[in-house]
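A quick write-up on the structure given underneath.
Order of the sequence lines sets the chain letters (A, B, ...), proteins ahead of strands, with each chain counted from 1. Since the structure is predicted, the reported quantities are computational estimates derived from the model, not experimental observations.
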Amino acid sequence: MDVRQIVESLVLSAVRRKRGGWGMEVELPVSVEIPRQESHGDFSTNAAMQVARHLHRKPREIAAELVAALREEDREGRIASLEVAGPGFINIFLSEDVWRETLARALAAGPRFGSSRVGAGQAVHLEFVSANPTGPLHVGHGRGAAVGDALARILEFTGHRVVREYYVNDVGNQMDNLGRSLLARYREACGRPSILPEDGYRGEYMVELAEAVRAEVGDRYADAADESALPFFRREAGDRILRGIREDLAAFRVSYDRWFPEQELHASGEVTAALAKLRDRGQVYESEGATYFRSAELGDEKDRVLVRGDGRTTYFAADIGYHSRKVAEGYSRMIDIWGADHHGYVSRLRAALKGLGEDDGRLTVLLIQFVTLIRDGKAVQMSTRSGEFTTLREVLDEVGVDAARFFYLLRSYHTHLDFDLTLAKTQSRNNPVYYIQYVHARISSIFREAEGRGETLGEHPPLSILTLPEETRLMKAVARFPDVVSECVKTLEPHRIPFYLLEVADLFHAFYHQHRFLGETPERTQARLALALAVRTVVATGLSLIGVTAPERM
RNA sequence: GCGCCUGUAGCUCAGGUGGAUAGAGCAGCUGCCUUCUAAGCAGCGGGCCCGAGGUUCGAGUCCUCGCAGGCGCGCCA
């Protein structure tokens with residue numbers, strides 16, 4: 001059990017023990033926090049203040065009673081000392097043994113340290129990126145990919161069954177437009193006069209695609225009529241671009257369990273079925289030739305069109321079909337990761353789930369804010385209209401996968417991200433990803449050296465001699481890892497992992513300079529090696545949760 | 001106009017369910033390599049937490065109203 005959980009349950013039992021005597025019938029939530037200041041204990045609780053407020057008594061009086069109760073509850077002797085402080089905090093100082101025991105548990109658990117079963121029995125559907133196959137992924141998509149993939153890893157680490165899915169919008173106007181754009185570029189490549197559609201895709205990648213197509217089929221379609229050539233070019237454009245997207249994501253170490261084509265929803269009749277269900281439930285009406293969904297009654301700003309005047313369904317209609325399929329597949333939770341520009345769509349989709357009679361509480365939509373690339377202190381300009389944007393691939397080629405993933409996850413996705421390419425490329429302390437990886441490489445180096453000296457880590461290292469404040473601080477940092485992981489699961493915020501790793505790295509590098517691991521007394525060397533191994537474990541595991549490698553050498 | 005996100009050190013950002021003296025990196029300055037990796041360490045400055053009210057024993061955190069930036073508000077996807 002996580003140290004924090006131990007303390008929480010101690011405080012909870014103490015409160016319960018006293019409740020009767022206080023004549024308190026309700027159960028108050030207790031909260032335990034790690035104080036900012038070390039001198040305020042390993043943990044502190046404001047339980048006494050909460051109770052005091054409820055009973056209209058003096059907080060410090062209650063605190064004194066709780067302290068006594070805590071002492072009685074602590075049968076294992078985990079608490080070293082307790083104090084009442086400030087307005088009524090109870091500061092809890094744990095016995096050093098607690099950290100050593102946790103260290104031993106970390107060593108025993110190895111790569112499983114920090115994992116849990118909290119998600120056992122839960123199936124989570126995670127949809128992320130899902131960029132339209134009309135062009136290569138750009139840096140914004142990269143952020144969604146990094147966040148989605150990290151969340152998937154974290155959820156799996158905590159016992160959830162995760163299905164990662166990419167929804168491919170391979171239907172509609174845009175694919176038509178894409179096909180026309182490619183055809184135009186192809187004719188150009190064949191030396192024929194051609195004009196790009198008014199709202200066509202103008203990016204340079206379309207020119208390259210056209211050349212690739214021509215390399216395969218020659219001039220066969222150079223003089224073909226639009227109608228006969230278009231199906232081929234539509235398919236060709238979509239397929240090739242999607243293939244590029246898959247390759248980019250694979251290069252970014254992002255994999256999916258399923259690439260779900262929108263076409264399949266239409267072919268299977270699921271879109272029609274979902275609309276029929278809405279209709280049966282009285283959620284649909286006709287107006288001016290179109291079919292509307294009464295979403296305004298369900299929390300949306302206004303009613304939305306499902307079927308256009310010309311009989312074609314909207315993107316929204318397909319998405320209703322898609323999400324009712326997810327519901328039917330029985331996930332306990334659905335997480336959609338979207339770009340911030342889609343936020344207006346959230347209430348619409350929720351309305352749809354409600355309209356279908358489903359609980360929209362199972363759906364969580366994470367909105368990822370925008371990314372600005374910074375090079376040499378200046379923003380890199382991007383314009384989607386002209387098709388000129390920096391691709392994910394370009395960033396990967398420039399800074400590498402590890403740095404890219406790390407930088408994407410170093411900020412909460414609630415906030416705009418300034419991605420500093422210059423910094424991501426530098427190989428020094430300035431670059432936090434190397435700073436962390438260096439811990440792993442250093443510790444690996446220590447073990448290589450130890451092996452050379454014939455000093456291997458034994459079965460039962462004498463952890464009890466780890467008594468220095470610096471050693472304790474490191475042990476506490478290791479012990480906090482499971483808590484960080486569960487916090488990520490609760491908040492669905494993976495940026496907590498890199499921040500934690502930075503703290504661990506800080507502590508380790510400082511320790512490394514102040515103390516030695518090898519060449520101490522045999523007992524001390526054993527204990528220090530054990531500590532090093534545990535640090536390496538949490539660093540390796542933490543990095544793996546965000547998809548960053550942990551090198552043995554640098 | 002309405003909605004969502006954001007506003008914390010010169011810059012980029014952390015600051016679970018409200019807690020005690022608000023943190024880190026960058027940038028600037030000063031030291032430290034005969035040692036298990038200097039991709040490292042130690043130190044020095046730096047703050048009206050956008051503003052105004054409110055709730056509370058206690059507010060960077062919650063509420064209201066402003067201000068500023070970003071993004072949306074299609075029978076596009």
Review point. Is B:rG40 paired to anything, Watson-Crick or G-U wobble with both distances less than 3.5 Å, and if yes, which nucleotide?
Key: B:rC32
Exercise for review: Consider the side chain of A:E288, meaning its heavy atoms from C-beta on, and name the nucleotide among B:rU17, B:rA39, B:rC75 that approaches it most closely.
Suggested key: B:rC75
Review point. Hey, does the side chain of A:H495 come within less than 4.0 Å of B:rG15's phosphate (OP1/OP2), counting only N and O?
Key: yes
Point to revise | B:rG66 and B:rG7, which share atom name C1', separated by this distance in whole Å | key: 14 Å
Revision key, fill the gap. Assign each of A:H416 and A:L367 the nucleotide of RNA chain B bearing its closest heavy atom; nearer the 5' end lies the nucleotide of A:L367
**Study point:** Sugar-phosphate only, base, or nothing, as touched by A:A340 at under 4.0 Å among non-hydrogen atoms
**Key:** sugar-phosphate
**Study point:** Shortest side-chain distance from A:R308, nucleotide among B:rC13, B:rG40, B:rC75
**Key:** B:rC75
Practice item. Sort out the partner of B:rG47 for me: Watson-Crick or G-U wobble, both distances under 3.5 Å, none otherwise. Key: none
Check your understanding: Hey, do the aromatic rings of A:F517 and A:F511 have their centres closer than 6.0 Å?
Key -> yes
Point to revise | Nearest-neighbour nucleotide for the A:S412 side chain, B:rC75, B:rG19, B:rA14 considered | key: B:rA14
**Study point:** Interatomic distance at C1', B:rU21 relative to B:rG58, whole Å
**Key:** 15 Å
Practice item. May I ask you to check whether A:Y166 and A:F260 place their ring centres under 6.0 Å from each other? Key: no
Check your understanding: Base, sugar-phosphate alone, or nothing: which one does A:Q174 contact when heavy atoms must sit under 4.0 Å apart?
Key -> sugar-phosphate
Practice item. Please state the C1' separation for the pair B:rU30 and B:rG45 - nearest whole angstrom. Key: 12 Å
Review point. With rounding to whole Å, what would you report as the distance between B:rU64 and B:rA20 at their C1' atoms?
Key: 28 Å
Review point. Taking the C1' atom of each, how far is B:rG54 from B:rC13, in whole Å?
Key: 29 Å
Check your understanding: So does A:Y438 get a side-chain nitrogen or oxygen closer than 4.0 Å to the phosphate oxygens (OP1/OP2) of B:rA39?
Key -> yes
Review point. P atom, B:rU6 versus B:rC44: distance in rounded Å?
Key: 34 Å
Point to revise | Spacing of the P atoms in B:rU17 and B:rG74 (rounded, Å) | key: 36 Å
Practice item. Whole angstrom is fine here: how far is it from NE2 in A:H414 over to C1' in B:rA14? Key: 13 Å
Practice item. Pick out which of A:T549, A:I497, A:V439, A:L501 makes a side chain to side chain contact (heavy atoms under 4.5 Å, CB included) with A:L543. Key: A:L501
Check your understanding: Could you state the CZ-P distance from A:R448 to B:rC36, rounded to the nearest angstrom?
Key -> 13 Å
Check your understanding: Looking at the side chain of A:I446, which of B:rC41, B:rC13, B:rC36 is the nearest nucleotide?
Key -> B:rC36
**Study point:** Sugar-phosphate only, base, or nothing, as touched by A:V168 at under 4.0 Å among non-hydrogen atoms
**Key:** nothing
**Study point:** Any strand: nucleotide that pairs with B:rG18 via Watson-Crick or wobble, under 3.5 Å
**Key:** none
**Study point:** Pairing partner (Watson-Crick or G-U wobble, both distances under 3.5 angstrom) of B:rU12
**Key:** B:rA24
Point to revise | Integer-rounded Å distance: B:rC26 C1' and A:I374 CD1 | key: 13 Å
Point to revise | Residues, nucleotides or ligands: over 12 heavy atoms within 6.0 Å of A:E61 CD | key: yes
Exercise for review: Check whether any side-chain N or O of A:Y408 sits under 3.5 Å from a backbone N or O of A:V139 as a donor-acceptor pair, and report yes or no.
Suggested key: yes
Check your understanding: Contact class for A:A290 (heavy atom, under 4.0 Å): base, sugar-phosphate, or nothing?
Key -> base
**Study point:** B:rC62: pairing nucleotide in any strand, Watson-Crick or G-U under 3.5 angstrom
**Key:** B:rG54
Study note, to complete from the structure: From NE2 of A:H509 across to P of B:rC36 the rounded distance in Å is 18 Å
Point to revise | Pair A:E165 + A:K326, salt bridge at N-O below 4.0 Å | key: no
Exercise for review: Answer yes or no for this row: A:H513 ring on B:rG40 base, centroids under 5.5 Å, planes under 30°.
Suggested key: no
Review point. A:L518 side chain: which of B:rU6, B:rC36, B:rA38 is closest?
Key: B:rC36
Point to revise | Sugar-phosphate only, base, or nothing, as touched by A:G172 at under 4.0 Å among non-hydrogen atoms | key: nothing
Check your understanding: Taking only side-chain nitrogens and oxygens of A:Y435, does any of them come within less than 4.0 Å of OP1 or OP2 of B:rC41?
Key -> yes
Review point. Hey, does the side chain of A:T415 reach the backbone of A:S412 with a donor-acceptor pair shorter than 3.5 angstrom?
Key: no
Check your understanding: Base, sugar-phosphate alone, or nothing: which one does A:E552 contact when heavy atoms must sit under 4.0 Å apart?
Key -> base
Practice item. Write down the distance between NE2 (A:H343) and C1' (B:rC71), rounded to a whole number of angstrom. Key: 5 Å
Check your understanding: Closest to the A:Y292 side chain: B:rA77, B:rC41, B:rC75?
Key -> B:rC75
Point to revise | Sugar-phosphate only, base, or nothing, as touched by A:S31 at under 4.0 Å among non-hydrogen atoms | key: base
Review point. Where the side chain of A:R411 is defined as all heavy atoms beyond and including C-beta, which of B:rA77, B:rA24, B:rU12 is the nearest nucleotide?
Key: B:rU12
Exercise for review: Determine whether any donor atom in the side chain of A:D341 lies under 3.5 Å from an acceptor atom in the base of B:rG72, or the reverse, and answer yes or no.
Suggested key: no
Check your understanding: Does A:N91 make a side-chain donor-acceptor contact with the base of B:rA20, cut-off 3.5 Å?
Key -> yes
Point to revise | Charged N-O contact under 4.0 Å between A:R375 and A:E398 | key: yes
Practice item. Look at A:E455 together with A:R528 and state whether they make a salt bridge at an N to O cut-off of under 4.0 Å. Key: no
Study note, to complete from the structure: Taken to the nearest whole Å, CZ/A:R348 to P/B:rC4 is 16 Å
Practice item. Return the nearest nucleotide to the side chain of A:S44; candidates are B:rU6, B:rC73, B:rA20. Key: B:rA20
Practice item. Answer yes or no: does a side-chain N or O of A:R53 lie under 4.0 Å from OP1 or OP2 of B:rG58? Key: no
**Study point:** Nearest-angstrom distance, C1' atom, B:rG18 to B:rC62
**Key:** 7 Å
**Study point:** Protein-nucleotide distance (A:H515, atom NE2; B:rA42, atom C1'), rounded to Å
**Key:** 13 Å
Study note, to complete from the structure: Assert: residue with more 5' nearest nucleotide on RNA chain B, out of A:V305 and A:L417, is A:L417
Check your understanding: Going by modelled atom types, is there a donor-acceptor pair between the base of B:rU21 and the side chain of A:R36 at under 3.5 Å?
Key -> no
Check your understanding: Which listed nucleotide (B:rC76, B:rC13, B:rA20) is nearest to the side chain of A:N173?
Key -> B:rC76
Check your understanding: With a 4.0 Å cut-off, would you call A:E471 and A:R524 a salt bridge?
Key -> yes
Exercise for review: Please give the nucleotide sitting opposite B:rG72 as a Watson-Crick or G-U wobble pair, both distances under 3.5 Å, or none.
Suggested key: B:rC2
Study note, to complete from the structure: chi for B:rC50 classified (syn = within 90 degrees of 0, anti otherwise) as anti
Point to revise | A:K302 side chain near B:rG74 phosphate (N/O to OP1/OP2, under 4.0 Å) | key: yes
Review point. Base, sugar-phosphate alone, or nothing: which one does A:F447 contact when heavy atoms must sit under 4.0 Å apart?
Key: nothing
Practice item. Could you work out which one of B:rA20, B:rG15, B:rA14 sits closest to the side chain of A:Q37? Key: B:rA20
Study note, to complete from the structure: note: A:Q514, atom CD; B:rG43, atom C1'; distance rounded to Å ~ 14 Å
